Amino acid sequence: MQKDHVYAEPLAHIQDFRFDDAVADVFPDMIQRSIPGYQTIIQTIGKLTARYQQANSHYYDLGCSLGAASLSMRRHITADNCKVIAVDNSSAMIERCQRHLQAFRSDVPVDAILGDIRQLTIENAAVVVVNFTMQFLAPEDRQALLNKIYQGLKPGGLLIISEKFKADTPVNDELLIDLYHDFKRANGYSELEISQKRTALEKVMRPDTLATHSARLQQAGFHSHSVWFQCFNFCSMFALKD
Ligand SMILES: Nc1ncnc2c1ncn2[C@@H]1O[C@H](C[S@+](CC[C@H]([NH3+])C(=O)[O-])CC(=O)[O-])[C@@H](O)[C@H]1O
Ligand SMILES: O=C(O)C(=O)Cc1ccccc1
C-alpha cells in the first residue's frame, strides 16, 4: 500500500482538495489513517446488506472511490438477480475502482460508472450507501439527493449514510476536532500535514450538524433513522423505508 504524503511538504499555495491521481494512488492509506472506524464501517455495510438484501434489486454505492463499500456489499449478497451500481465523478477513482473490482471473482455484477450522483437515476434499490460523500456536495444539493434515494428505494429498503459532522456548539465542535487531530497524530500525520489538509478541505467539505441530517432524512420521507456508529466527529447512520 502506497503511503499518503500528499500534504507532507510545505506548499506555497494550498489548492482546494481534489480526488485526483495523486490522492487516488494513496487513497487506501489516506482513508484508513483519516477516518476513525473506517474498517468497521465498511464491514458493517456488508453485514447490513446481508440483512436487507432483496432479490431482483439494485445496490448503490454513491461516491464509491475505489469501491470498498461495493466490494463489501457484493461479498454479502446471496439473493438472485442483484446488481451493485458504484458511481463516482472522479475518473482517477473510477479507473482504479474498475481494476480493483476485476481482481476479485464474484457472481454478483458491479457496474462502476463515471458520473455525478446528482444526475443518477436511482431505482429498484434494496440498499443505498453514501459513505462520506454527501459532505462534498454543495449543501443546497443534499436534500434533493436524499429525496431521490427515498423514491428509488423499494419498501423495506435501507439507506446507509456516513458523514463527518459538526457539533451543536462551537465549544463541543472544537473538542471533537481536537480529539480527531490527536487520532491523526497517532496515525503518523504531522502538524503540517494536518493543517495543510484542513485548509485544502475548508471550502470543499462542509459538514452539517446531526440535527440537520435528521431533519433532511425526515423531510425525504424516512420516518426513522439511527446513528449506529460514532467516533469523534465522524458518524454513520441508517434509515429504513417502511
Ligand atoms: N457529485 C459527485 N458525484 C459522484 N461522486 C462524487 C461527487 N462528489 C464527490 N464524489 C466522490 O465522493 C468520494 C468521497 S470519498 C468516499 C469514500 C468511499 N465511499 C469509501 O467508502 O471508500 C470520502 C472521503 O474521501 O472522505 C470521492 O471519490 C469523490 O470523487
Ligand atoms: O482527513 C480529513 O481531515 C478528513 O476529514 C477525512 C478525509 C479523508 C479522505 C479524504 C478527504 C477527507
Side-chain angles (χ1 to χ4, degrees), residues 19 41-42 44-46 48-49 51-74 77 79 81-91 93-94 97 108-166 204-228 235-242:
F19 292 95
I41 293 168
I42 292 294
T44 306
I45 286 169
L48 285 167
T49 300
R51 281 176 190 242
Y52 286 92
Q53 60 180 313
Q54 301 186 39
N56 311 311
S57 304
H58 293 157
Y59 299 75
Y60 290 89
D61 180 3
L62 306 183
C64 58
S65 297
L66 301 181
S70 292
L71 280 169
S72 185
M73 286 199 277
R74 186 169 78 167
I77 296 170
N81 193 26
C82 290
K83 180 161 90 172
V84 178
I85 298 164
V87 183
D88 205 291
N89 66 352
S90 154
S91 52
M93 288 295 188
I94 279 293
C97 179
V108 180
V110 183
D111 283 354
I113 300 168
L114 175 65
D116 191 319
I117 57 173
R118 292 169 299 184
Q119 256 88 62
L120 182 74
T121 301
I122 298 179
E123 56 192 4
N124 202 29
V127 178
V128 178
V129 172
V130 196
N131 204 35
F132 300 105
T133 301
M134 201 169 70
Q135 59 202 17
F136 290 102
L137 294 188
E140 61 270 24
D141 293 339
R142 295 176 188 180
Q143 185 68 56
L145 177 70
L146 291 181
N147 295 350
K148 180 168 75 175
I149 291 170
Y150 185 83
Q151 294 308 322
L153 276 168
K154 295 168 104 169
L158 183 76
L159 164 65
I160 304 165
I161 177 160
S162 311
E163 289 270 295
K164 189 176 193 177
F165 68 93
K166 201 166 77 185
V204 291
M205 189 174 81
R206 280 161 292 173
D208 290 312
T209 61
L210 291 180
T212 299
H213 284 300
S214 268
R216 273 209 206 97
L217 287 165
Q218 293 277 343
Q219 170 72 28
F222 293 101
H223 294 133
S224 77
H225 67 275
S226 178
V227 172
W228 69 267
C235 77
S236 187
M237 296 163 269
F238 56 69
L240 262 173
K241 178 163 173 171
D242 304 327

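The model shown is predicted, which means the values in this text are computed figures rather than measured ones.
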- Passes side-chain contact (heavy atoms from CB on, under 4.5 Å), Leu158 versus Arg51? Steps please. CA-CA 10 Å; Leu158 183 76; Arg51 281 176 190 242; over 6 Å; no
Would you confirm whether [X], through its side chain, and [Y], through its main-chain N or O, come within 3.5 Å as a donor-acceptor pair?
X: Ser90; Y: Phe19; value: yes
X: Thr133; Y: Val130; value: no
X: Ser72; Y: Ile42; value: yes
X: Gln54; Y: Lys154; value: no
X: Thr49; Y: Met73; value: no
X: Asp61; Y: Ser70; value: yes
X: Tyr60; Y: Glu123; value: yes

What is the minimum heavy-atom distance between [X] and [Y], and which atoms define it?
X: His213; Y: Met237; value: CG-CE, 3.9 Å
X: Pro109; Y: Cys82; value: CD-O, 3.3 Å
X: Ile149; Y: Phe222; value: CG2-CZ, 4.4 Å
X: Ala239; Y: Leu217; value: CB-CD2, 4.3 Å

Measure the [atom1]-[atom2] distance between [X] and [Y] for me, rounded to the nearest 0.5 Å.
X: Ile122; Y: Ile117; atom1: CD1; atom2: CD1; value: 7.5 Å
X: Phe132; Y: Leu62; atom1: CZ; atom2: CG; value: 14.5 Å
X: Gln135; Y: Met205; atom1: CD; atom2: CE; value: 5.0 Å
X: Asp141; Y: Arg118; atom1: CG; atom2: CZ; value: 5.0 Å
X: Leu159; Y: Leu146; atom1: CG; atom2: CG; value: 6.5 Å

If the condition is side-chain hydrogen bond (donor to acceptor under 3.5 Å, both in side chains), which residues does [X] pass it with, not counting sequence neighbours?
X: Asn131; result: Ser162
X: Ser224; result: none
X: Asp208; result: Arg142, Arg216

- Query: Counting heavy atoms not belonging to Lys166, are there more than 12 under 6.0 Å from its NZ?
  - Reply: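 No, because the 6.0 Å sphere around NZ of Lys166 holds 12 heavy atoms or fewer from other groups.
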- Should Ile113 and Ile94 be marked as a side-chain contact (heavy atoms from CB on, under 4.5 Å) after you check the CA-CA gap, both sets of side-chain angles, and the distance that decides it? CA-CA 7 Å; Ile113 300 168; Ile94 279 293; 5.8 Å; no
- Message: Set out, in order, the CA-CA distance, both residues' side-chain angles and the distance that settles side-chain contact (heavy atoms from CB on, under 4.5 Å) for Glu163 and Leu210, then state yes or no.
- Response: CA-CA 9 Å; Glu163 289 270 295; Leu210 291 180; over 6 Å; no
- Query: Are Tyr52 and Phe238 close enough that their ring centers fall under 6.0 Å?
  - Reply: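 They do not qualify: ring centres at least 6.0 Å apart.
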- Query: Given Gln151 and Asn147, is the side-chain hydrogen bond (donor to acceptor under 3.5 Å, both in side chains) satisfied, shown in steps?
  - Reply: CA-CA 6 Å; Gln151 294 308 322; Asn147 295 350; over 6 Å; no
- Message: Show, in sequence, the C-alpha distance, side-chain angles and deciding distance for Met134 and Ile161, and conclude whether the side-chain contact (heavy atoms from CB on, under 4.5 Å) test is met.
- Response: CA-CA 8 Å; Met134 201 169 70; Ile161 177 160; 3.6 Å; yes
- Has Lys83 got its NZ or CZ under 6.0 Å from the middle of the six-membered ring of Tyr59, at an angle within 45 degrees of the ring axis?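 No cation-pi geometry.
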